Amino acid sequence: MEYSKCWLDYRPLESVEEVWLTLIVSCDGLIIESAVKEYVLAMEGMAGRKPTVTADEAAAGVRLLVDESIVSGTDGYHIIGEDGGYKIIGQSPSGVLYGVFHFLRMAANGELSQLPVENVPAMPLRMMNHWDNMDGSIERGYSGESFFYKDYEILWDERLEHYTRMMASIGINGIVINNVNVHEKETYLITDTYLQKVKQYADLFQRYGIKLYTSVNFAAPMELAGFDNCDPLEPQVAEWWKETTAHVYEVIPEFGGYLVKADSEGRPGPFTYGRTHADGANMLARALAPHGGIVIWRCFVYNCGQDWRDKKTDRARAAYDNFIHLDGCFDENVVLQIKNGPMDFQVREPVSPLFGALKKTNMILEVQIAQEYTGQQIDLCYLPPMWREILDFDTYAEGKGSTVSNIVRGAAYGQKFCGMAAVINTGNDKNWTGTDLAAANTYGYGRLAMEPAMSCETIAKEWTDLTLGAKVEKDVVDMLMKSWPTYEKYTSPLGIGWMVTPHYHYGPDIDGYEYDRWGTYHRADCNGLGVDRTPSGTGYTNQYNEPWRTIYADVEQCPQELLLFFHYIRYDYTLKSGKTLIQHIYDTHFEGVEEVEAMIAVWKSLQNRIAGEVYGRVLERMELQLANAKEWRDRVNTYFYRKSGVKDEKGRTIYE
Ligand code: GCW
């Protein structure tokens, strides 16, 4: 099947340096072979000629070498210009591969004059989570079907290789190949039913320095081996996992480990047997430890059978309440995977308080590239600026400077297993990601996990230049950078979240979840809206370290963008901007639509500079986005006008 090359589309360059056309390789191995292959492919595209690959040390050219002593940190690399040529020195073969991708990016974007480069991947684990199911569907997938599975079979075609190259090029080193909701057939992925085929993927990934992981079903011993329970403290259950895991490693010695969603949204877990999440995770960890594997255990555990009348139970509290007392109880090869916010990938949430609270536990930050609540790859929403804010958030866990970035890099407590994971946004659509511009999120995630200090604008520039070309850079980067604030304006206000069509999560339905069981309420009435999470409300603010605990609990100090997340606010309350809350809601919703209109005008002005197919595909999505924005604007404005009875100061159209 035809597919776009995304940011690995090596187009002819106006000028090339002669030395690029000699590649001197002084190292070997599978990953080095991939690095060489990538280099050759890129030069064929950019220079129009196949470079000479030689082991001749005396030649002038681009030299690849491994030197374990060069940088402190795993898989780092140096790129230097020397003696009229270049040297790409990796601390390991993966370091060489990352260095080659970096070099090629710089060559493509005309940046080699900025050498030398010294780089060490910041996050030890840089993971992609696929929510692909073996029937071929993708949970929260917005760009076609799975390219891993169809009708319960494992697929194999050249697209897989392109996918793997894309992942390696942005520094990904771990891929979970199936959905965290493990259904019946997927439970068999770790058995001989599928293992040989899984191995094919693992071998491909290995050539690009990536480990393969699977999501597992905690109840697998019951489903696969007829056990009547899956109690983690039951020796036979533990033994079954040991044997099953040992077999996985027999077939796939480089296997990474397991990802587990337990006791969450109906999935089985240790709670059934009165056991803790540490009991569950450690049992699996002990099966993996002899082989060097890890268990990644998700903290997305909450009561999804809540009564909307109950104002004391607060879903936002759940992850912390379920895990804080287990700090220090997990084995060394257990990592907790924590969603960025306490709810669920909303357009705006505070950072999960667990990052500042767990101190003796390995942690992975989980973000969602798939735009479940941020426009479903129809609406443009460039997410790196959101992730940047999360990474830069200072938790004050060990005083000032305890940023999420430092914690998940392992710099705060020196953990070995930590990093970032993201729910990926790819599918088998020709362009992989729905709107072509959503690939900037895929790209940006990897770049941030490698270099969390990078500016989001620089990332956007890199991606735009590689994908669409430098001639549209300014406009596209501008569009990307404005898109998250725009999306936030026309959807749910000031951190309250939700208000989406139940189940699908696209488009507005203000009360869609208001009287439901999911713990996601806005509590709007005729006087105001918002959830009181201060000590006089649900007490959630107490889960933060100072000064956040005080700041969030105080209406006056609370950051405005999170005001309704933390407080119930009256419509006539005056915000720092000088506007009342109700006027702010009206204004932002009108502005959001105007900004989408302006964005479309800019895109249209690029028509002659963007390949027809991409231009049309993106435009089509943008028109849908405009319709969506208008629907949000009118429903939200009308809803709050009806509740409050307050008219728009500016007399714009709000339907009665
Ligand atoms: O809120 C939910 C999503 C589910 C997802 C879940 C999770 C994979 O709507 O589709 O299930 O989050 O993260 O486990």
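As a basis for the values below, the full set of heavy atoms in this structure was taken, side chains included, without hydrogen atoms, waters or symmetry mates. Please read all numbers here as calculations on a predicted model, not as lab measurements. Remember, it's 1-based here, ligands and their atoms both numbered in the order they're listed.
Annotation: ring-ring contact (aromatic ring centres under 6.0 Å, His included) contacts of Trp387 (sequence neighbours excluded): none.
What sits closest to atom 6 (C) of ligand 1 on the protein, heavy atoms only, is Glu265 OE1, 3.3 Å. Scanning the protein for heavy atoms near atom 14 (O) of ligand 1, the closest one is Lys261 NZ, 2.6 Å. The closest protein non-hydrogen atom to atom 12 (O) of ligand 1 is Lys339 NZ, 3.2 Å. Among protein heavy atoms, the minimum distance from atom 10 (O) of ligand 1 is reached at Glu139 OE2, 2.5 Å. Given atom 8 (C) of ligand 1, the protein heavy atom at minimum distance is Asn181 ND2, 3.2 Å. Looking only at protein heavy atoms, the nearest one to atom 3 (C) of ligand 1 is Glu372 OE2, 3.4 Å.
Defined by atom type and a distance below 3.5 Å, a donor-acceptor pair is present between the side-chain atoms of Asn129 and Gln337.
Considering backbone and side-chain N/O atoms, Glu366 never comes within less than 3.5 Å of an N/O atom of ligand 1. Among the atoms of Trp131, none of the N or O lies under 3.5 angstrom from an N or O of ligand 1.
At distances below 3.5 Å, at least one donor-acceptor pair connects side-chain atoms of Asn425 with backbone N or O atoms of Ala438. No side-chain donor-acceptor contact under 3.5 Å links Ser146 to the backbone of Met134.
Aromatic ring centroids of Phe271 and His277 lie under 6.0 Å apart.
Less than 4.0 angstrom separates some heavy atom of Arg140 from each of these atoms of ligand 1: 3 (C), 4 (C), 9 (O), 10 (O). Applying the 4.0 Å criterion to heavy atoms of Phe300 picks out, from ligand 1, the atoms 1 (O), 6 (C), 7 (C), 12 (O), 13 (O), 14 (O).
With a 6.0 Å cutoff to the six-membered ring centre and a 45° limit on the axis angle, Arg315 counts as a cation-pi contact of Tyr302.
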Side-chain polar contacts of residues 217-224 - donor-acceptor pairs under 3.5 angstrom, sequence neighbours left out - could you list them?
unit_1 : atom_1 : unit_2 : atom_2 : d
Asn217 : OD1    : Ala219 : N      : 2.8
Asn217 : ND2    : Thr187 : OG1    : 3.2
Asn217 : ND2    : Glu223 : OE2    : 3.2

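Nearest to atom 2 (C) of ligand 1 by heavy-atom distance, out of Asp344, Val423, Asn179, is Asp344.
The two residues Pro342 and Ala316 have their closest heavy-atom pair at CB-O, 3.4 Å.
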